[in-house]
Enquirer: 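Here it is: the structure, laid out below.
Values below: every heavy atom of this structure, side chains too, minus hydrogens, waters and symmetry copies. Below, read A as the first sequence line, B as the second, and so on, with proteins coming before strands; counting in each chain starts at 1.
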Amino acid sequence: MSGSRPRYYLTTPIYYVNDVPHIGHAYTTLACDALARFMRLDGHDVRFLTGTDEHGQKVANSARAAGMDPQAFTDRVSQNFRDLTDAWNFSNDDFIRTTEARHIRSCQAIWRKLVAAGEIYLGSYAGWYAVRDEAFYGENELQDGPDGKKIAPSGAEVEWVEEPSYFFKLSAWQDRLLAFYQANPDFILPESRRNEVISFVKGGLRDLSVSRTTFKWGVPVPDDPDHIMYVWLDALTNYITAVGYPETERESFKRYWPADLHMVGKDILRFHAVYWPAFLMGAGIDPPHRVYAHGWWTNEGEKISKSLGNVIDPLELAAKYGLDQVRYFLLREVPFGNDGDFSHRAMVGRMTNDLANDFGNLAQRSLSMIAKNCGGRLPGPGAPSDADRALLDAAGDLLARLRGEYRVQAFNRALEATWEVIGAANRYIDEQAPWTLRKTDPARMGAVLYTVAEVVRRLAILSQPVMPGSMGRMLDQLGVPDDARDFAALAVPLAPGTTLPQPQGVFPRYVEPEAGADRGPAGPAPGRSTSH
RNA sequence: GGCGGGGUAGCUCAGCUGGUUAGAGCAGUGGAAUCAUAAUCCACGUGUCGGGGGUUCGAGUCCCUCUCCCGCUACCA
């Protein structure tokens, strides 16, 4: 049954557990969730993966600081991300953790493949290392200290160290990667990011250190227990682990790989667009179809950072404005791919204008008239007039339009297109003036109200990917059964005569808290300490 | 420094391969309507399209130059 449906496999990055979930995590997963829901409603066999990245020295250190063993520690912090998944109504089909047995097995398998292919060799990694920062620095980042020592930007003293390390022969992949980008122009989106990646690769590639010996919290390198696999090879491999690697003959692997989309933040584009396809091709595995690098959010125009103390908590955000309102805002406010600014003013503007006034009120005004003037039963359409047909056609054409936009992750444009139809429906009501028809031509009034209800039905079905909860409630009020809410059901109009429940507003306006009771992530900052 | 992308109405931005009076949303002003969450609908912009020069019958849209902003320029994830 699922065999005949087109498949769609998409992933979020796995989130590093040494951090609590913030708006950036929520945003990435939200974009995937909307896309996953759209594809499911459109008849695709969707596989939507998210998860947590749990290895690395920082995690080991944090665990030690918390007096826990690393596994117990990651068990706990990984849960924060699962909680976000529930709180934001994300519909992922799987949640992978890099500490799971399936993943460790998968990493070691791809490692062996790369070794067998001659893509990995043992060398030594040398560089300026700051013990205090537990990090390497480039020569150009260093400054001369007082006694001839080199000093890192952080002020820490660095020393020249060498450690044995396995390397991936990335340097050999320059031409093949460039050819791959050329042959697959949509592999990296947005286009500006693609240019950056190509420019980077054209500048030449160096071999990549892919193992470490200085700490132990990672996937052991096969046949060399002194080494663990280093971050990116470990982390990126999750995308194939989750569909069954190394069992490449397994149904799930054959069905879902190569992935249709890796959604990532712009900060980790290179790893996904350069290293990952090279790793995969080196191991004889097809690279994914697309990597999309989205932008970042600022808070009230300010860069978000822990030190500024203006980190936005996704749970607080949803509690303050409503989950679907926030989901809508994030996907509507900026052209997807660009950076965006989260401001209270803009959020409330979208809530009020787009959701409460345009869409919510459209449903409410039409459903109220049906409740009051049609005995709470859906009237019949009658013979459609030109105006009826024009509006129904606009709503009917919307699916094709949205497919085009979702296909390229243009969520904002998809929503703009949806709101064009909402605007047309509001104009239609004003022009048809059913409140006048009530006295002069009740049958025509019924036809008008039916037409609006049918258009609202289509709008609600098509808006489910972004606002699943609210649209579910709107469809409830239209008497649409649960099994008639996918895109195939768009072609089956509302049944006249259906008894409808009492209408209730779906999108309340934002009410400012009483003065003095103000709180929340986007509120004015309390006095900031000036101590330094 | 190198490569790339930008500077268009108060704000956020559309404007593809050059061609009718440069557009949208928000904000603002006026009006209509009153079904609806005081929501909706209609009307209203004298914008040096960053500055200057050039190509062209014609440039926001091409070329040169100046200026300002942003991104990338590898092993913290």
Enquirer: Once you apply a heavy-atom cut-off of 4.0 Å, does A:Val506 come out as touching a base, just sugar-phosphate, or nothing?
Expert: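 Here A:Val506 touches the bases of the nucleic acid.
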Enquirer: So A:Ile268, base contact, sugar-phosphate only, or nothing? Heavy-atom distance under 4.0 Å.
Expert: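 No contact at all - A:Ile268 keeps every heavy atom at 4.0 Å or more from the nucleic acid.
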Enquirer: Closer than 4.0 angstrom, basic N to acidic O: yes or no for A:Arg458 and A:Glu454?
Expert: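 A salt bridge links A:Arg458 with A:Glu454.
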Enquirer: Check the orientation of A:Trp276 and A:Phe279. Use parallel for under 30°, tilted for 30 to 60°, and perpendicular for over 60°.
Expert: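 Correct class here is perpendicular.
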Enquirer: Base, sugar-phosphate, or nothing: which does A:Gly360 touch, judged by heavy atoms less than 4.0 Å apart?
Expert: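 Contact class for A:Gly360: base.
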Enquirer: Among residues at least two apart in sequence or on other chains, which ones pass salt bridge (Lys or Arg N to Asp or Glu O under 4.0 Å) with A:Asp441?
Expert: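 Result, salt bridge (Lys or Arg N to Asp or Glu O under 4.0 Å) vs A:Asp441: none returned.
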Enquirer: Reading nucleotides 23-36 of chain B from the 5' end, what letters show protein touch, with B for base, S for backbone sugar-phosphate only, - for no heavy atom under 4.0 Å?
Expert: ---SS-----SSBB
Enquirer: Determine whether the side chains of A:Asp388 and A:Tyr450 contain a donor N or O and an acceptor N or O closer than 3.5 Å.
Expert: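 No - no donor-acceptor pair under 3.5 Å links their side chains.
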Enquirer: What residue among A:Asp354, A:Asn353, A:Thr352 forms side-chain hydrogen bond (donor to acceptor under 3.5 Å, both in side chains) with A:Arg350?
Expert: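 When A:Asp354, A:Asn353, A:Thr352 are each tested with A:Arg350, the side-chain hydrogen bond (donor to acceptor under 3.5 Å, both in side chains) holds only for A:Asp354.
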Enquirer: Scan nucleotides 9-15 of chain B against the protein and return all N/O pairs shorter than 3.5 Å with their distances rounded to 0.1 Å.
Expert:
none

Enquirer: With heavy atoms under 4.0 Å as the rule, sort A:Asp53 into base, sugar-phosphate or nothing.
Expert: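 Sugar-phosphate: the residue A:Asp53, judged by heavy atoms under 4.0 Å, touches backbone atoms but no base.
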Enquirer: Can you sort out the partners of A:Lys58 under salt bridge (Lys or Arg N to Asp or Glu O under 4.0 Å), two or more places apart, ordered by chain and number?
Expert: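 None.
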Enquirer: Looking at B:A39, I'd like to know if its phosphate oxygens (OP1 or OP2) sit under 4.0 Å from a side-chain N or O belonging to A:Arg509.
Expert: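 So the side chain of A:Arg509 is within the cut-off, an N or O lying under 4.0 Å from OP1 or OP2 of B:A39.
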Enquirer: Quick one: list whatever passes salt bridge (Lys or Arg N to Asp or Glu O under 4.0 Å) with A:Asp430, sequence neighbours left out.
Expert: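 Checked A:Asp430 against salt bridge (Lys or Arg N to Asp or Glu O under 4.0 Å); matches are A:Arg365.
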Enquirer: Does the structure place the NZ or CZ of A:Arg176 under 6.0 Å from the centre of the six-membered ring of A:Trp173, at an angle of no more than 45° from the ring's axis?
Expert: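 Judged by the rule, A:Arg176 and A:Trp173 form a cation-pi pair.
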Enquirer: For A:Phe187, is the NZ or CZ atom of A:Arg194 found under 6.0 angstrom from the centre of its six-membered ring and inside 45 degrees of the ring axis?
Expert: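 No, A:Arg194 and A:Phe187 do not form such a contact.
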Enquirer: With a 4.0 Å cut-off on heavy atoms, is A:Gly505 in touch with a base, just the backbone sugar-phosphate, or nothing at all?
Expert: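 If one applies the 4.0 Å heavy-atom cut-off, A:Gly505 turns out to touch a base.
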Enquirer: In terms of relative ring orientation, are A:Phe336 and A:His294 parallel, tilted or perpendicular, with 30° and 60° separating the classes?
Expert: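 A:Phe336 and A:His294: tilted rings.
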Enquirer: Using Watson-Crick pairs (N1 to N3, plus N6-O4 or O6-N4) and G-U wobble pairs, both distances under 3.5 Å, which stems of at least 3 pairs involve RNA chain B?
Expert: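 B:1-7 with B:67-73, B:10-13 with B:23-26, B:28-32 with B:40-44, B:50-54 with B:62-66 - these are the stems of 3 or more pairs that involve RNA chain B.
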Enquirer: Using 30° and 60° as the class limits, which term best fits the ring planes of A:Tyr321 and A:Phe342: parallel, tilted or perpendicular?
Expert: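 Ring orientation of A:Tyr321 relative to A:Phe342: tilted.
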Enquirer: When we call it a touch if two heavy atoms are under 4.0 Å apart, what does A:Tyr16 touch: a base, just sugar-phosphate, or nothing?
Expert: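 Touches sugar-phosphate only.
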